[in-house]
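What follows is one structure encoded as structure tokens, with my remarks underneath.
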Amino acid sequence: MLLSESGGQVVTARLERTAAFARARVVLEPGEELDDAVDAVFGVRWVEGETHGFARQPRVPLGRRGAYRARSEAQAEAAKLRAEVERLRGQVDRWREESGKWRRSTVELRREVGTLRRQLAAAGRVQQGLRAALTASVKRALKRKV
């Protein structure tokens, strides 16, 4: 692996197989560069260094204190996330209860609507009967006067 540097920062990384150098030495011609032979035999791939974990800035080495601090921060974050999960579970329970109330209310309203439809149909039948009776009585009254 060859790292290309620019101002102390890793810019690119050249990746090739380790076995490529052994094979390239076998086929190396006099005056030919080893890197050219590796490229000819196996090929070379240039990638951005950060893609494979080469950072532009060096990592801060973690000593005992740094590791303890990182662990403490991670534990605090985990505790905060656990509290958030519990809060959200409470909300889920509350919304489930609320949806149950709405569901029960919907069933009751459907029953009421069904009852009202039946009553309306019965009232319509009664009204038709009354209309027919009224029409008949009006016709009789008119026949008497004539």
Side-chain angles (χ1 to χ4, degrees), residues 1-139 142:
M1 171 177 45
L2 175 73
L3 299 178
S4 175
E5 296 184 21
S6 172
Q9 294 181 341
V10 175
V11 176
T12 58
R14 187 181 93 182
L15 304 174
E16 63 271 315
R17 292 184 54 176
T18 308
F21 285 97
R23 177 74 53 89
R25 283 191 184 92
V26 171
V27 297
L28 186 67
E29 296 188 19
E32 185 180 14
E33 291 287 326
L34 182 61
D35 289 337
D36 294 335
V38 169
D39 188 25
V41 173
F42 275 95
V44 176
R45 182 173 175 197
W46 289 87
V47 295
E48 184 178 338
E50 290 179 359
T51 305
H52 294 280
F54 302 106
R56 295 189 183 279
Q57 299 294 326
R59 284 191 218 163
V60 177
L62 291 178
R64 277 190 242 161
R65 289 182 183 174
Y68 176 76
R69 186 178 324 115
R71 187 173 53 246
S72 297
E73 289 172 359
Q75 288 172 345
E77 181 70 17
K80 185 172 109 178
L81 291 174
R82 272 193 294 277
E84 180 71 9
V85 165
E86 289 304 315
R87 184 185 69 79
L88 292 174
R89 281 187 181 149
Q91 281 186 343
V92 167
D93 292 340
R94 190 176 68 231
W95 286 113
R96 280 188 181 146
E97 184 179 314
E98 182 84 15
S99 70
K101 289 177 185 176
W102 282 101
R103 197 172 297 120
R104 286 187 294 275
S105 174
T106 302
V107 169
E108 291 172 8
L109 289 173
R110 282 183 182 166
R111 287 179 184 156
E112 285 182 35
V113 166
T115 302
L116 291 173
R117 282 183 178 163
R118 285 190 298 276
Q119 289 174 354
L120 183 60
R125 286 190 300 270
V126 168
Q127 186 180 13
Q128 280 180 340
L130 289 175
R131 187 178 302 144
L134 181 63
T135 304
S137 66
V138 167
K139 283 181 182 179
L142 287 174

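As the structure is a prediction and not an experimental result, all values here were calculated from the model. Hydrogens, waters and symmetry mates are skipped; everything else that's a heavy atom, side chains included, is used.
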Could you check whether atom [atom1] of [X] has more than 12 heavy atoms from other residues, nucleotides or ligands sitting under 6.0 Å from it?
X: Q91; atom1: CD; answer: yes
X: R96; atom1: CZ; answer: no
X: R87; atom1: CZ; answer: yes

Distance (rounded to the nearest 0.5 Å) between R125 CZ and L120 CG: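 Going from the CZ atom of R125 to the CG atom of L120 covers 10.0 Å.
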Interatomic spacing from CH2 in W95 to CG in L88 - rounded to 0.5 Å: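 Between atom CH2 of W95 and atom CG of L88 there are 13.0 Å.
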Stepwise salt bridge (Lys or Arg N to Asp or Glu O under 4.0 Å) test for E86 and R89: CA-CA 5 Å; E86 289 304 315; R89 281 187 181 149; 3.1 Å; yes
Donor-acceptor pair, side chain of S72 and main chain of Y68, under 3.5 angstrom: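 Checked: pair present.
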Closest approach of [X] to [Y] (non-hydrogen atoms, all atoms of both residues):
X: V38; Y: V44; value: CG1-CG2, 4.3 Å
X: E32; Y: V27; value: OE1-O, 4.3 Å
X: V41; Y: R23; value: CG1-CG, 3.3 Å

Sub-4.5 Å side-chain heavy-atom contact between E97 and K101: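 Of all side-chain heavy-atom pairs linking K101 with E97, at least one is under 4.5 Å.
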Polar side chain donor-acceptor pair, R118 to T115, under 3.5 angstrom: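 There is such a pair between these side chains.
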Flag for W102-E98: side-chain donor and acceptor within less than 3.5 Å: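 E98 vs W102: donor-acceptor pair found between side chains.
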